Amino acid sequence: MKGRERTLAAAAALLLWVDLAAGDTFLSSIRPGETTREEMVSLFGTDSQDGGHSQYRGAGGIRDVLAHYDESGVLLWARVLLERDLPPGVVMLLFDGLGAVEVAPGNVFEAGEPRGGRTEQYKNAGVHLYVAGEVVSEIWLVPPAADAASLVRESRVVSQVAAQVEPQPTPAGDGPLRGLQVRSISYEYVSDSDGLSHVNFHAAIDAHGLRDHTVTMRYRLLDFDGNDIPNAGGELSHGGFADKVLHDESTWPQARGSIDLRSLTRGRVTLARLRWEALLPDMAACAETVVALVAPEAEADQRRSVTVQNIRIEPGHSDDSEGVWFYADVAATGCLGRVLSGWIILRTATGRIMSREPAYAGPDGVLSAWAQDTVRFESASWTPFRLFVPYEAFDLAGSQRHRVMVTYLAACEGVGAQAEQEVLIDMPR
């Protein structure tokens, strides 16, 4: 695999990590039979209503939610559309303990003759996945063991409501520019008479323009394939908390966490990725470091970490092209001699920005730029790491100012980080 393909594959993988992390936060809160309309509004914001139906713009890897409530305002069912095309095997990771599956042709929630694809029904969990072209097109959430046939009769109304609602873009000048970053992550080991017992760690997180929002902090231990490492009881090795942002510029200088290493079911895994995530409904940031699960002194030469912070832009040119420089401060520890890759993904309030130039297109056609560099120091930093996008690559209207969310990512040998920052981009004619 060539360098660019490897980098784009790494980009897709890291975006998937964060999408799953954020998506899990919100999907797990959609519980038909329990969740109320008020709780859904608190998750996704103001809804559009048509009788018992509501539609919400998505959050945390979710593009759109259609929901139906009973007369008391309790959720009866929800249809979820994901922001990215994911195979069913990946979507299953968003749920715990789905149990047995039954497969039916077509979309069982759609009236009339099946139009292709299949529905994977985890009836005991109340989760139904409509799969077309080997990606999940729709996720239907119903009460466990509910009769899916009754929802088919509602689907005509769902289609009508969906057709009437269009997302409204956020004006470029409204509100402060938002940003979220995990500035640093560090750790220390705790031992007892039997040896290594815990890893304690803390992270520094910055939030910009997010006053009165609630940020979910979560830490996790993962293997290098992206799987959570469970403990002996089958539970995931993670923790966290939620905190309300009190100021336009807020910092958590030492958010803390701890994981009991003695309880892990790790098999032959001796090293793990410790990831700290900061999550909002439509934003996500993370940083990672490698920790040893046994005998840390024996694994010291394999520890490494990556962070991304301080995203900003500057109009300029590269060679003969006018465009925008995207800067971020990137740091990598323990990566001497390895290759660090950095890249950006751009989106607006209505979705990700597509590229008009193949050279600046990611795997799914989304506007992207990337670069890589060999790490020459044990503790290396790029202040800044620089990426350029010419104006002709932006699929944005000319002669207008656009409010753009920049997702800036960096990764080295399986360890990665992400930060997000809104910027204003003035497109020329």
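This is a predicted model, so every value here is computed, not measured.
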Looking at [X] and [Y], does any basic side-chain N land under 4.0 Å from a carboxylate oxygen?
X: E420; Y: R347; result: yes
X: R37; Y: E39; result: no
X: R403; Y: E422; result: yes
X: R312; Y: D329; result: yes
X: R304; Y: E413; result: no

Does any N or O in the side chain of [X] come within less than 3.5 Å of the main-chain N or O of [Y], such that one atom is a donor and the other an acceptor?
X: T35; Y: P32; value: no
X: S355; Y: E357; value: yes
X: E277; Y: M217; value: no
X: H402; Y: A397; value: yes
X: T348; Y: V404; value: no
X: S368; Y: Y360; value: no
X: Q181; Y: N310; value: yes

Output, in order, the C-alpha distance, side-chain angles, deciding distance and verdict of side-chain contact (heavy atoms from CB on, under 4.5 Å) for I30 and M40.
-> CA-CA 8 Å; I30 304 175; M40 290 289 284; 4.1 Å; yes
Would you please indicate yes or no on a ring centroid separation below 6.0 angstrom for Y219 and F201?
->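 Yes, the ring centres sit under 6.0 Å apart.
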Do the non-hydrogen side-chain atoms of [X] and [Y] ever get within less than 4.5 Å of each other?
X: F326; Y: Y408; answer: yes
X: L279; Y: V215; answer: no
X: V41; Y: Y56; answer: yes
X: F394; Y: M427; answer: yes
X: P315; Y: Y391; answer: yes
X: V308; Y: L409; answer: no
X: T307; Y: R183; answer: no
X: V135; Y: L82; answer: no

Please test H128 against E120 for side-chain contact (heavy atoms from CB on, under 4.5 Å), starting from the C-alpha separation and ending with a verdict.
-> CA-CA 6 Å; H128 302 254; E120 298 184 2; over 6 Å; no
Restricting to non-hydrogen atoms, name the atom on [X] and the atom on [Y] that form the minimum distance, rounded to 0.1 Å.
X: I425; Y: I313; result: CG1-CD1, 3.9 Å
X: W77; Y: L75; result: O-CD1, 3.2 Å
X: A328; Y: I311; result: CB-CG1, 4.1 Å
X: V306; Y: A417; result: O-CB, 3.4 Å

For D243, side chain to side chain contact (heavy atoms under 4.5 Å, CB included) partners two or more places apart =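 Testing D243 for side chain to side chain contact (heavy atoms under 4.5 Å, CB included), a comparison that skips the adjacent residues, returns F241, W252.
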How about N124: does its CG atom have over 12 heavy atoms from other parts shown lying under 6.0 Å from it?
->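 It does not: N124 CG has 12 such atoms or fewer within range.
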Classify the angle between the aromatic ring planes of Y327 and W325 as parallel (below 30°), tilted (30 to 60°) or perpendicular (above 60°).
->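 Judged by the thresholds at 30° and 60°, the geometry between Y327 and W325 is parallel.
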Mind telling me whether W140 and F109 have parallel, tilted or perpendicular rings, with 30° and 60° as the class edges?
->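 If you compare the ring of F109 with that of W140, the planes turn out parallel.
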Check the pair V366, I353 against side-chain contact (heavy atoms from CB on, under 4.5 Å), reporting the backbone distance first and the verdict last.
-> CA-CA 6 Å; V366 171; I353 303 171; 5.9 Å; no
How many angstroms lie between atom CG of L396 and atom CE of M354, to the nearest 0.5 angstrom?
->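 Here the interatomic distance stands at 12.0 Å.
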Just do the side-chain contact (heavy atoms from CB on, under 4.5 Å) check on V80 and E138 with the steps written out, would you?
-> CA-CA 6 Å; V80 178; E138 302 172 4; over 6 Å; no
